[in-house]
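Read the structure below first, then the notes.
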Protein chains: 2
Amino acid sequence: MLILQSPLTRKLSAFVALSDTDLETLARFHRRRRSFLAGHQMIHEGHGTQSAFILADGWACSYKTLPDGERQIVDFQVPGDFLGLRSVLFRTTDHSVEAVTRIEASEVMTSDILDGFANAPRLATAVLWAASRDEAMVVEHLVNLGRRSAEERMAHFLLELGARLQLVGIGDKTGFACPLTQYHLADALGLSAVHVNRVLRHLREEGLVTFQKGRVSFDDFAGLVALSGFDTDYLDQDGPLLR
Amino acid sequence: MLILQSPLTRKLSAFVALSDTDLETLARFHRRRRSFLAGHQMIHEGHGTQSAFILADGWACSYKTLPDGERQIVDFQVPGDFLGLRSVLFRTTDHSVEAVTRIEASEVMTSDILDGFANAPRLATAVLWAASRDEAMVVEHLVNLGRRSAEERMAHFLLELGARLQLVGIGDKTGFACPLTQYHLADALGLSAVHVNRVLRHLREEGLVTFQKGRVSFDDFAGLVALSGFDTDYLDQDGPLLR
DNA sequence: AGGCTGGACTGATCCAGAGCAGCATTTCAC
DNA sequence: GTGAAATGCTGCTCTGGATCAGTCCAGCCT
C-alpha cells in the first residue's frame, strides 16, 4: 500500500480493478497539495487553465453566471471528484468553480495527466468513466429542472448526493453531513431560497427527509425514492468497455 | 478530393485542419449508409449498443423518459452530429434517440472508431472536441431551464440551433428550415405545447422571430441576442490543446 | 367529395412558486 | 461582549405558466 487510500482511488476502485502501476500513477497525481478558503473562486469562466484539481476534502460547486448576475449551479463536487478536468483539455472553460467549504485538493498539471494516461491505460479508462458519469449527472439535472416539481427535484437531488457520498465513504443510508446553505440549493435547483425553505419544511413534516444543522437525514428512504422517481442507473453504469 | 464533403467533415474542418489520412479515415466511417423513418426510435435507454451513427441528413432528438411518461428532450441532432457516441464506449445508454424526420445516417462500429483513432490521432482529438462541445451545449440547456423565462429560453434555443446549422451550411443569418413541431419545442424547453405557441406568437408580434410553416426567420437578430443573453462562447471554443 | 388526422391556435381557469418584507437565531470580527 | 453579517424561517400578494377544453385548417386516404 503506497499511500492512504484517497477518495478518488476509492471511487475508481469500486468500478475498475486498478493494477499496481495504475495506483502508483494515481498516487503521483497527488503530489501537489493545495488548500483554498471557503468561497474562493478556483476556476474562472472564460479563462484558460493548465491544471485540474482532485478534491480530497471539502465541497465545491461549478456554475455559470448570466448577464443579469443570476447563477445556475451545474453540479457540486465532493471528495473524490475532479474539478476542471475538461478545461485542461480545452483552452477555455465554459463555467466557474467555487469552493463551498475550505478545500484540500491535489493540483494536477496537464502533462501529468497525459503522461499518466500513456503509461497506465486502465487508469485512463477509469478516469474517462468518471468523466462520463459526471456528464450523465448533468443530463439528469437537466431532466430534474425541466420536468420535476420543486419537491421531486429536492428529493432527487438529496438522494443523488447521498449516493455519491456513500461511494467515497462519507455518510450512509441514514444520511450525511452537508455544508450547503439553502441558497446553494436554490441556485442548483432553479428555485428561490424562500421556496427551498418551504419545500424542506414540507418534506420534513411529511417525515421524508430532515435537512437541519448541516446534516441531511433520510427519515423515509423508500418514500423519497418513490416521490422523486430516483433511479440509480445513471450513477451505477457498468465500467467502460474500452479495452 | 475523396468524397463529397459530409456535414461532419465540414464541421470538424472549421476547427481543426485535417490531414489526408484523417480525411480518408473519416471517409471510411461513412461506408454503411442507413436510413430511418421519421419517428423511429434509434437508440433505446438502458440498452447496450455496438454502433453509433453520424447524421448525414435529417434531424433527431435525444431524450429521457420519466416514470410518469413525460419526456425531457436533452438535445437535438442535426446533420454532422454524432448519435450515441457515448453509448458506444460504455455498456448502456442513459437516454434514447428518436428520428424527428426521415434520416440518412452512417453507422459506425465501435471497432471502426477505435481503429480509426489509433491511426489518425488528429481526427481523434477533433471528434473529442465535438463531443466536448455537445457537453457544453447540455450545460447551456441546463442554465436555460433553470434561470431563463419562457421567452428567453425560446430565443436562446432558436439562436443556438441557427448557429449550429450555419456551421454545416444549412441556413444563414436570416433563418433556417426547421422540421420541429411545437410539441418538440415544449419537450425540450420544459414548457407546455400551449405555452410554446403563445411564446412564439409573442416573439413574432414583437418582430423578433417568426417560426411558421417549417421555417425560422430571424426578424431582429440583435434584438433576440439581447433578449436571451445569447453568447456563442460555448459553441466557438478553440480547438483541443491535446497534440 | 367526405371523413380523418396531426398540428397550430385560443380562451378560461387554477396553482406552484416568485418576490417582498419582516423577525429570530447563529456566527464572526474586533 | 457587542454590533454586524449571515442564515433560517414565516406570512402575504401576485404572476407565469399549466391545464382543460375546445376550434380551425391542411393534407391525407378511400
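Here is how names work: the chains are called A, B, and so on, in the same order as the sequence lines, proteins then strands, and each is numbered from 1.
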Checklist entry - Which two nucleotides bound the region of DNA chain D that has atoms under 4.0 Å from heavy atoms of chain A, read 5' to 3'? => result D:dG8 to D:dC12
Checklist outcome for this item: Letter by letter from the 5' end, nucleotides 12-21 of chain C scores (B base, S sugar-phosphate only, - none; protein heavy atoms under 4.0 Å) B----BSBB-
Check [Y] with [X], please: is the shortest side-chain N to carboxylate O separation under 4.0 Å?
{"X": "B:E140", "Y": "A:K64", "result": "yes"}
{"X": "A:R102", "Y": "A:D57", "result": "no"}
{"X": "A:D134", "Y": "A:R164", "result": "no"}

Item to check | Length of the CZ-P vector between B:F211 and C:dA8, whole Å | outcome: 7 Å
Checklist entry - Within this structure, what is the NE2-to-C1' distance between B:H184 and C:dG6, rounded to whole angstrom? => result 12 Å
Checklist entry - Which value, rounded to the nearest 0.5 Å, describes the distance between A:R71 atom CZ and A:T65 atom OG1? => result 7.5 Å
Checklist outcome for this item: Residues passing the ring pair (Phe, Tyr, Trp, His ring centres under 6.0 Å) test with A:F157, sequence neighbours excluded, are A:F76
Item to check | Any B:Q212 side-chain nitrogen or oxygen under 4.0 Å from OP1 or OP2 of C:dA8 | outcome: no
Checklist entry - Does NZ or CZ of A:K173 fall inside the cone over A:F221's six-membered ring, less than 6.0 Å from its centre and within 45° of the axis? => result yes
Checklist entry - How about A:E152 and A:S228: does a side-chain donor come under 3.5 Å of a side-chain acceptor? => result no
Checklist entry - Can any side-chain N or O of B:E151 pair as donor or acceptor with the backbone N or O of B:V199 at less than 3.5 Å? => result no
